[in-house]
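Written below as structure tokens is the structure these notes are about.
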Amino acid sequence: MTQLLSGLDKIYINGVFTPASGGGEDVINPASEKTIGQAPLADQNDLDRSIDAARQAFDQSSWPALSGAERASYMLRFHAALAGQRQRFGEIIMREGGAVHSDAWARQFDIPMKHLRHNIEVGKKQFSRVLEPVVTDFGSSKALGGGVVERIPMGVVAAISAFNYPTYLNLAKIGPALMAGNTVILKPSPLTPFQALLLGEAATEAGLPAGVLNILNGGGDIGAALTTDPRVDVLSFTGSDRVGAKIAEQGSASMKRVLLELGGKSPLIVRADANLDMSAKIALRGFTAHAGQGCAMFTRALVHNSIRQKFVEKIIELSKSVVVGDPTDPATTTGPLISSAQRDNVEGSVQLAIDEGAKLVFGGNRPSHLSSGYYFEPTLFDDVNNRSSIAQEEVFGPVGCIVGFDSDEEAIDLANDSKYGLRAAVMSADVGLAYEMAQQLRVGQVLINGGSLTALSDAPFGGLKRSGYGREGGDEGYLAFTESRTIEYHAG
Ligand code: NAD
């Protein structure tokens with residue numbers, strides 16, 4: 001462990017790992033409840049230094065004025081340096097985040113690296129455009145004029161991320177923000193700081209200019225100070241809608257651009273003609289993968305009443321293959337929750353669902369075979385009222401619920417009857433009809449019959465309503481970190 005975390009006991013400011021003035025804090029392995037190491041804690045003094053460094057790199061270095069191709073050469077070296085640390089990333093991802101062996105590399109490292117590679121290419125594209133020449137008749141003379149609309153970087157970006165897919169989220173922010181010519185201060189969740197700090201090593205190895213990327217660690221207090229500081233221009237936040245609302249408020253006094261990737265209660269609509277095996281498999285994974293700690297997971301299955309009983313039986317049967325336990329064991333499919341506090345929240349949500357009359361199909365307890373670790377059994381409720389708490393609130397634990405419906409119109413109404421709007425899915429043999437249903441869903445993305453089954457790097461990701469605003473990924477995710485500047489000229 002000492003070797004795994006070697007050098008990660010410092011924060012990264014102005015291109016140098018430096019001791020944090022705020023001291024240190026134990027980081028707990030959620031599978032063992034044991035400390036894996038001491039993470040550095042930034043205080044106001046560290047924050048000031050990092051903002052100064054990012055400001056200076058933006059205001060006085062050549063970074064924002066470099067061409068996309070020039071920035072890409074730095075970022076490709078950054079990508080290569082990260083790739084060289086692949087093994088170490090996966091080991092840390094399992095130990096500090098509780099991700100299971102089969103996901104730690106494949107989903108939590110390889111996919112974000114693929115997206116980063118794509119985002120580097122997007123940043124090389126030319127988004128500026130030439131304005132059509134226009135002739136204006138002033139009576140005694142005529143003027144000919146035209147112009148150019150450029151895309152320009154916005155300045156210093158504060159990137160604040162959640163604990164559940166840290167490297168994914170960190171790279172989804174850093175990649176496009178830097179490629180657009182901004183400078184960045186990254187503040188990860190204090191529950192998962194080490195995989196963020198490891199990015200600093202790669203930045204140094206890649207020779208990123210000093211101050212272009214800075215990495216702090218700390219909790220809500222340091223996040224609040226970062227998001228209210230007038231020297232910061234953009235807030236790119238991934239986390240809960242509760243904190244997202246605060247971030248929007250914190251950024252408003254100094255007119256920051258705010259990008260919010262927040263929570264969800266994503267509906268999986270299962271029509272009567274759907275492939276039942278595939279639907280049940282997606283539904284089960286929809287609340288058990290990463291112990292339910294995913295923003296876009298299908299934690300709310302809307303199932304046609306004519307097949308609901310068969311569907312429940314199928315999930316019960318499939319649930320026997322779920323293995324809850326030590327994430328480092330390749331046979332494990334579901335690991336622990338991130339913290340004791342998070343498990344308390346999950347237990348509270350389960351009790352509330354029971355109190356509100358939902359029918360417990362399986363689970364509902366801590367697994368009896370595990371004496372330590374913040375584990376919770378995969379838990380499913382049926383006969384759920386869509387207006388009840390378990391169908392409306394994000395649990396962020398391995399808890400799913402099933403709501404019945406009788407018509408497509410009702411399914412769409414139920415799906416849209418949510419304060420969230422991140423993702424939805426339609427399962428049906430009639431793909432054309434599923435497509436028309438998808439067009440009526442108030443969400444940022446819809447998967448028909450499981451979607452493309454691949455990680456589309458060009459697809460923008462983000463939500464509507466309390467799932468936030470702004471997009472990550474694709475051209476949209478790059479443009480979110482830019483603004484336009486129009487330059488006009490006259491030709492005589
Ligand atoms: P959280 O909202 O508790 O914390 C997120 C981050 O905000 C952390 O780094 C935290 O230290 C920081 N923070 C807390 N208070 C702050 C404040 N006042 N000012 C600035 N920063 C502050 O979220 P979490 O528990 O880490 O993550 C789970 C949540 O993230 C879930 O709601 C999940 O749906 C959401 N999430 C969304 C996406 C997405 O892309 N839409 C992806 C992953 C996770």
Side-chain angles (χ1 to χ4, degrees), residues 8-14 17-28 30 35-55 96-97 155-166 169-170 173-174 177 183-200 211 213-263 293 338-342 344-345 396 468:
L8 304 181
D9 54 348
K10 299 185 181 67
I11 50 178
Y12 187 69
I13 301 180
N14 211 21
F17 275 100
T18 165
S21 318
E25 186 175 60
D26 283 348
V27 176
I28 308 293
T35 303
I36 59 167
Q38 274 247 318
L41 273 187
D43 68 3
Q44 185 64 43
N45 174 43
D46 299 320
L47 182 71
D48 279 337
R49 288 195 299 130
S50 70
I51 300 177
D52 281 347
R55 211 48 277 168
E96 74 173 4
V156 173
V157 174
I160 299 181
S161 55
F163 71 81
N164 60 335
Y165 282 80
L169 305 175
N170 296 337
K173 296 177 187 310
I174 290 174
T183 59
V184 173
I185 300 159
L186 171 66
K187 191 210 80 65
S189 164
L191 299 169
T192 51
F194 292 124
Q195 49 192 298
L197 290 163
L198 192 46
L199 301 174
L213 175 63
N214 306 275
I215 308 166
L216 299 177
N217 178 47
D221 51 345
I222 211 74
L226 179 59
T227 51
T228 45
D229 194 296
R231 293 169 293 172
V232 172
D233 301 291
V234 180
L235 308 180
S236 171
F237 173 78
T238 299
S240 60
D241 59 327
R242 185 185 60 80
V243 177
K246 283 193 201 170
I247 300 270
E249 209 176 314
Q250 287 161 194
S252 69
S254 45
M255 302 284 175
K256 300 184 197 312
R257 172 173 294 179
V258 180
L259 306 164
L260 298 175
E261 295 281 350
L262 311 177
Q293 301 168 115
I338 191 68
S339 64
S340 165
Q342 185 54 21
D344 290 346
N345 290 342
F396 234 56

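- Within the 4.5 Å cutoff, the side chain of I28 has no heavy atoms near those of the I36 side chain.
- With sequence neighbours left out, the salt bridge (Lys or Arg N to Asp or Glu O under 4.0 Å) criterion links K173 to E472.
- Residues forming a side chain to side chain donor-acceptor pair (under 3.5 Å) with E25 (at least two apart in sequence, or on another chain): none.
- A distance of 11.0 Å separates CG in L8 from CG in N217, rounded to the nearest 0.5 Å.
- For R55, the salt bridge (Lys or Arg N to Asp or Glu O under 4.0 Å) partners are D59, D233, not counting sequence neighbours.
- Neither side chain, Q38 nor D9, offers a donor N or O lying under 3.5 Å from an acceptor on the other.
- Sorted by first and then second residue, the side-chain hydrogen bond (donor to acceptor under 3.5 Å, both in side chains) pairs involving residues 189-198 (not counting sequence neighbours) are E96-Q195, T167-Q195.
- Put simply, the side chain of T183 does not reach to within 4.5 Å of the side chain of L213, judged on heavy atoms.
- Under the 3.5 Å distance criterion, the side-chain polar atoms of D229 are left unmatched by any main-chain donor or acceptor of A225.
- Scored by the side chain to side chain donor-acceptor pair (under 3.5 Å) test, Y165 finds no partners at all (sequence neighbours excluded).
- Partners of D48 under the salt bridge (Lys or Arg N to Asp or Glu O under 4.0 Å) rule, at least two apart in sequence or in another chain, are R231.
- Here L47 contributes atom CG and D43 contributes atom CG; the two are 8.5 Å apart, rounded to the nearest 0.5 Å.
- Checked against side chain to side chain contact (heavy atoms under 4.5 Å, CB included), E249 has no partners two or more places apart in sequence or in another chain.
- For the pair P188/S161, a side-chain contact is recorded, criterion being any heavy-atom separation below 4.5 Å from C-beta on.
- In this structure, the side chains of L199 and I215 come closer than 4.5 Å at one or more pairs of heavy atoms.
- The side chain to side chain contact (heavy atoms under 4.5 Å, CB included) search around A162 returns N164, L169, T238, not counting sequence neighbours.
- Looking at heavy atoms from C-beta onward, Q293 lies in side-chain contact with I338 at the 4.5 angstrom threshold.
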Identify each donor-acceptor pair in which a side-chain atom of residues 17-24 lies under 3.5 Å from a protein atom, sequence neighbours left out, and give them as a table.
{"residue": "S21", "atom": "OG", "partner": "N45", "partner atom": "ND2", "Å": "3.2"}
{"residue": "S21", "atom": "OG", "partner": "D46", "partner atom": "OD1", "Å": "3.0"}

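- In terms of the salt bridge (Lys or Arg N to Asp or Glu O under 4.0 Å) criterion, D221 has no residue partners (sequence neighbours excluded).
- T227 meets the side chain to side chain contact (heavy atoms under 4.5 Å, CB included) test with I160, L235, I247, Q250; sequence neighbours excluded.
- By the 4.5 Å heavy-atom criterion applied to side chains, I13 and L216 are counted as neighbours.
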Between L186 and N214, is the side-chain contact (heavy atoms from CB on, under 4.5 Å) condition met? List the steps.
CA-CA 6 Å; L186 171 66; N214 306 275; over 6 Å; no
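- When side chains are defined from C-beta on, F237 counts as touching L262, because their heavy atoms get closer than 4.5 Å.
- Taking F194 as the reference, nothing meets the ring pair (Phe, Tyr, Trp, His ring centres under 6.0 Å) condition, with sequence neighbours excluded.
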Start with the C-alpha distance between I222 and K187, add both sets of side-chain angles, then the distance that settles side-chain contact (heavy atoms from CB on, under 4.5 Å), and finish with yes or no.
CA-CA 9 Å; I222 211 74; K187 191 210 80 65; 3.3 Å; yes
